[in-house]
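Quick notes on the structure that follows.
Here, residue 1 is the first one in the sequence, and each next residue gets the next number. Both counts, for ligands and for their atoms, begin at 1 and track the order of listing.
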Amino acid sequence: MSSFSILKSPSKPLFFVSNQLEKQFSASDLHVSQFINGQQFHKPSISKPFTSTSSSINKKPITAITATQKNDKPLSSSSSSMSLSVSEENLAFPIMVNGCTGKMGKAIIEAGVSAGLQVVPVSFGSESKSGQIVEVGGKEIHIYGPSRRENILTSLLKENPNMIVIDFTVPATVNANAELYSKVGVPFVMGTTGGDREMLYNTVEKSKGYAVISPQMGKQVVAFIAAMDIMAEQFPGAFSGYSLEVIESHQSSKLDPSGTAKDVIKCFQKLGISYELDQMQQVRDPEQQLEMVGVPEEHLQGHAFHVYHLTSPDKTVSFEFQHNVCGTSIYAEGAIDAAIFLAKKVQSKADRHIYSMIDVLREGNMR
Ligand SMILES: NC(=O)C1=CN([C@@H]2O[C@H](COP(=O)(O)OP(=O)(O)OC[C@H]3O[C@@H](n4cnc5c(N)ncnc54)[C@H](O)[C@@H]3O)[C@@H](O)[C@H]2O)C=CC1
Ligand SMILES: O=C(O)C1=N[C@H](C(=O)O)C[C@H](O)C1
């Protein structure tokens with residue numbers, strides 16, 4: 001059986017997440033097109049191999065959380081016995097959103113306000129934005145640059161003892177921010193990717209603080225990673241000898257490689273596949289995203305498309321997994337779920353340690 005029949009017959013990848021609604025070009029044109037036109041990846045006669053992907057994308061096979069769903073079902077209303085309503089749980093705690101002028105910061109403030117949370121009117125931002133007062137989600141927020149953060153955070157926490165910090169800033173500041181939150185003792189959700197991840201975990205572990213850290217907050221994508229992790233644990237080496245190709249496409253402003261793909265690749269490595277992180281193909285060029293990846297034009301400035309393609313040593317078997325997200329709502333809602341989860345942990349004096357989004361998902365704390 002050829003790999004094409006396996007790819008073609010289901011015609012859709014095994015996993016596919018699409019969500020409606022959101023510079024550095026790091027892979028050379030040549031490299032990407034060589035890869036995309038690679039014989040193992042898709043049927044060679046298809047001149048734009050991502051077409052099968054993009055047609056699925058355009059058909060929107062699974063819509064994770066759409067703006068319509070969000071509007072139909074306010075975040076503060078309980079949708080099942082498992083789900084959380086902030087008011088029901090008496091958990092209307094304040095959040096401080098760092099990076100509030102960014103794509104994620106804005107989306108989180110809006111999601112937080114919808115969930116009935118208070119947003120403190122202070123945010124840590126870049127040096128260039130320091131001193132500005134911005135309006136986000138109908139709230140006026142004062143931006144503070146990198147200096148005097150410890151004093152500011154200490155006073156804020158004194159005034160808002162139940163406060164949870166949500167950080168969606170930039171890779172360059174992940175470690176310093178985590179150190180600060182740990183030193184001051186404020187529970188935090190770290191959605192920012194990159195930085196030195198080992199150091200990040202060590203810092204927080206040593207401080208014995210409360211945190212949720214995850215490069216991926218989207219509930220359905222988290223469930224996919226959890227499933228891959230379970231597969232890797234249960235069947236280590238099951239894909240030994242298979243080759244792996246990974247393409248991730250994000251808006252051109254993204255500063256680092258996909259943190260989510262790095263986590264998924266770790267699962268493939270446990271499954272026996274030999275793959276180095278620097279083999280991952282990053283697409284940041286909008287033209288390629290339109291032409292080859294099939295990103296809808298309106299989402300060029302905010303998308304996260306991932307494809308993982310596995311091929312057996314004799315090339316007779318192949319697998320393909322995808323998770324393709326447009327916009328930010330899936331992450332913003334997940335980040336608010338993580339903050340609610342953390343607030344409950346603090347309130348119930350649960351173990352002080354680093355939780356993952358899989359923990360959040362497992363406890364049914366995602367609405
Ligand atoms: N965990 C998840 O599910 C997701 C994680 N992300 C990650 O979140 C981060 C932010 O993403 P976007 O909002 O798309 O980026 P963005 O570029 O739109 O926003 C970045 C924000 O950080 C601020 N900033 C810059 N330097 C800073 C500093 N030194 N201290 C504090 N703030 C600073 C900027 O002013 C801006 O407000 C990235 O690392 C991205 O990979 C993004 C989407 C989902
Ligand atoms: O920067 C983004 O946009 C995203 N970053 C996260 C990552 O690097 O994994 C999550 C998602 O891919 C969106």
Side-chain angles (χ1 to χ4, degrees), residues 17 19 22-24 64 96-109 111 122-132 134 136 141 143-147 149 152-153 165-178 180-181 188-195 197 200 212-222 224-225 246-265 277 280 282-284 289 295 299-307 322-339 356-357 360 366:
V17 176
N19 180 33
E22 216 188 289
K23 124 195 154 229
Q24 196 159 336
M96 174 190 196
V97 180
N98 292 333
C100 80
T101 58
K103 288 179 286 304
M104 282 306 304
K106 285 179 189 158
I108 285 165
I109 290 181
V122 173
S123 173
F124 295 150
S126 62
E127 182 76 76
S128 65
K129 295 209 163 63
S130 186
Q132 289 182 14
V134 294
V136 185
I141 304 195
I143 312 280
Y144 289 88
S147 57
R149 284 188 175 176
I152 294 162
L153 191 60
V165 168
I166 305 182
D167 187 303
F168 279 82
T169 56
V170 287
T173 194
V174 163
N175 294 103
N177 285 2
L180 173 66
Y181 307 146
F188 67 97
V189 174
M190 178 60 80
T192 311
T193 52
R197 303 306 279 189
L200 167 65
V212 173
I213 302 180
S214 177
Q216 177 57 249
M217 299 279 167
K219 171 162 68 174
Q220 291 77 8
V221 185
V222 172
F224 163 66
I225 299 170
V246 181
I247 301 180
E248 58 94 336
S249 171
H250 284 81
Q251 60 279 355
S252 59
S253 60
K254 182 164 173 65
L255 297 170
D256 60 339
S258 167
T260 306
K262 288 182 188 170
D263 278 2
V264 175
I265 288 166
L277 290 179
M280 178 162 65
Q282 296 169 55
V283 186
R284 298 286 182 272
Q289 294 173 337
V295 178
H299 296 303
L300 285 175
Q301 294 315 309
H303 69 276
F305 280 29
H306 295 75
V307 181
Q322 292 190 29
H323 46 91
N324 298 330
V325 173
C326 291
T328 51
S329 61
I330 185 172
Y331 316 121
E333 289 167 14
I336 295 299
D337 289 329
S356 70
M357 283 307 280
V360 179
M366 297 184 97

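- Nearest to atom 8 (O) of ligand 1 by heavy-atom distance, out of Tyr331, Phe168, Tyr144, Phe124, is Phe168.
- The closest approach between a heavy atom of Pro146 and any atom of ligand 1 is not below 4.0 Å.
- A distance-only check finds no donor-acceptor pair linking the side chain of Glu248 to the backbone of Val307 [under 3.5 Å].
- Compare Thr101, Asn177, Thr193, Asp256 by their heavy atoms: the one nearest to atom 41 (O) of ligand 1 is in Thr193.
- Defined by atom type and a distance below 3.5 Å, a donor-acceptor pair is missing between the side-chain atoms of Asn98 and Tyr144.
- Polar contact check, Gly191 against ligand 1: a nitrogen or oxygen pair lies under 3.5 Å apart.
- Judged by distance alone, the side chain of Ser123 and the main-chain N or O of Val97 form a donor-acceptor pair under 3.5 Å.
- At least one heavy atom of Thr192 sits under 4.0 Å from some atom of ligand 1.
- Closer than 4.0 angstrom to ligand 2 lie heavy atoms from Thr193, Pro215, Gln216, His250, Gln251, Lys254, Ser258, Gly259, Thr260, Ala304, His306, Tyr331.
- Counting heavy atoms under 4.0 Å from ligand 1, residue Ala304 does not touch it at all.
- The closest side-chain donor-acceptor pair between Asn177 and Asp167 falls under 3.5 angstrom.
- Using a 4.0 Å cutoff on heavy atoms, Gly125 counts as a contact of ligand 1.
- Side-chain N or O atoms of Gln216 include none that pairs as donor or acceptor with a backbone N or O of Val222 at under 3.5 Å.
- Checked by atom type and distance alone, the side chain of Ser214 never pairs as donor or acceptor with a backbone atom of Ser356 at under 3.5 Å.
- Remark: ligand 1 and Pro171 share no N or O pair separated by less than 3.5 Å (distance only, no angle test).
- Across all non-hydrogen atoms, the minimal contact from Val221 to Thr260 is CG1-CG2, 4.1 Å.
- Here Ser253 has no heavy atoms under 4.0 Å from ligand 1, in either its backbone or its side chain.
- The distance from ligand 1 to the heavy atoms of Met217 drops below 4.0 Å at these ligand atoms: 1 (N), 2 (C), 3 (O).
- Residue contacts with ligand 1: Arg149 is included, with a non-hydrogen atom under 4.0 Å away.
- Lys254 counts as a contact of ligand 1, since one of its heavy atoms falls under 4.0 Å from the ligand.
- The backbone N or O of Phe305 lies less than 3.5 Å from no partner atom in the side chain of Ser249, so there is not a single donor-acceptor pair.
- Checking side-chain atoms of Gln132 against main-chain N and O of Val134 turns up no donor-acceptor pair under 3.5 Å.
- Nearest to atom 27 (C) of ligand 1 by heavy atom, out of Ser126, Gly302, Ser128, is Ser126.
- Taking the side chain to side chain donor-acceptor pair (under 3.5 Å) definition, one finds that Ser147 meets it with nothing, sequence neighbours left out.
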